[in-house]
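What follows is a set of notes on a single structure, which appears directly below.
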Amino acid sequence: KHGIPMCIATGSSSKDFELKTHSHKDLVGMMESTVRSDDPEVKHGKPHPDIFLVAKSRFQTPPASSANCLVLEDAPNGVKAAMAADMKCVMVPDPRLETIPPAHLVLKSLEEFSPQDFGLPPF
C-alpha cells in the first residue's frame with residue numbers, strides 16, 4: 001500500500017517455514033525476501049545479528065543504516081539479535097514469558113502497533 005519494503009527473517013528452517021506459511025502465501029508474497037535459519041549466509045542463529053543483517057542486505061535498495069530497519073519480534077533471542085544488529089525492535093511477547101529483554105517497544109498485541117511512532121505512514 002505504501003511501498004514500505006518488508007522481509008521475513010525467521011529462525012525456522014526452510015522446511016518448517018514452508019509448513020508454517022503454506023496457508024499465508026498472500027502475506028509471504030508481499031515480502032521482498034525471506035531469510036531462514038538454514039540460509040548459507042546466516043553463520044550464527046539468533047541471538048546473533050546475522051539473520052537480520054543478511055535480510056537488510058537483500059532489500060532491492062538496502063537501507064543505508066541498520067537504524068533504518070524495524071524488526072517485529074515475539075521471541076527473546078530475536079529481540080537480542082535485532083538489538084545486536086542496531087535495528088529498532090518492537091516485541092510482542094508470549095504472555096507466559098517471565099523475562100522480557102530490552103526492546104524499543106513492548107506491546108501486548110500487534111493491534112496496538114502504531115507505525116507513525118517509527119516514522120512510517122499510518123495503516
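Heavy-atom basis, side chains included; hydrogens, waters and symmetry copies ignored.
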Closest approach of S65 to K56 (non-hydrogen atoms, all atoms of both residues): C-CE, 4.0 Å

Counterpart residues, side chain to side chain contact (heavy atoms under 4.5 Å, CB included), relative to P115 (two or more places apart): F113, L120, F123

D94 CG: over 12 foreign heavy atoms closer than 6.0 Å: yes

Side-chain (T21) to main-chain (H24) donor-acceptor, under 3.5 angstrom: no

Whether over 12 other heavy atoms sit under 6.0 Å from K108 NZ: no

Intermediate values then yes/no, side chain to side chain contact (heavy atoms under 4.5 Å, CB included), S66 and L53: CA-CA 8 Å; S66 291; L53 297 173; 3.9 Å; yes

V90-I100 co-clustered via ILVMFWY side chain contacts under 4.5 Å: no

Nearest atoms (heavy-atom pairs only) where P62 meets S57: CG-O, 3.8 Å

Least distance between heavy atoms, D39 atom then E41 atom: OD1-N, 2.8 Å

Exercise: identify the closest heavy-atom pair between R58 and T34: NH1-O, 4.2 Å

Only distances under 3.5 Å count here; give the side-chain donor-acceptor pairs of residues 69-88 to other protein atoms, sequence neighbours excluded, each with its distance to 0.1 Å.
{"from": "E73", "atom 1": "OE1", "to": "A75", "atom 2": "N", "distance (Å)": "3.1"}
{"from": "E73", "atom 1": "OE2", "to": "K46", "atom 2": "NZ", "distance (Å)": "2.8"}
{"from": "K88", "atom 1": "NZ", "to": "A67", "atom 2": "O", "distance (Å)": "3.0"}

Neighbour count >12 (heavy atoms, 6.0 Å) for atom NE2, H22: no

Heavy atoms of other groups near Q116 CD, more than 12 under 6.0 Å: yes

Polar side-chain atom of H2 near backbone of P122 as donor-acceptor pair, under 3.5 Å: yes

Interatomic distance, D50 atom CG to H44 atom NE2 [nearest 0.5 angstrom]: 5.5 Å

Common cluster, I4/V35, ILVMFWY with side-chain heavy-atom separation under 4.5 Å: no

Closest non-hydrogen atom pair between P93 and V106, with its separation: CD-CG1, 3.8 Å

Cationic N near anionic O, under 4.0 Å, R36 to D38: no

Joint cluster assignment, L110 & M91, ILVMFWY side-chain distance < 4.5 Å: no

Nearest atoms (heavy-atom pairs only) where C7 meets F59: SG-CZ, 3.8 Å

Whether over 12 other heavy atoms sit under 6.0 Å from M30 CE: no

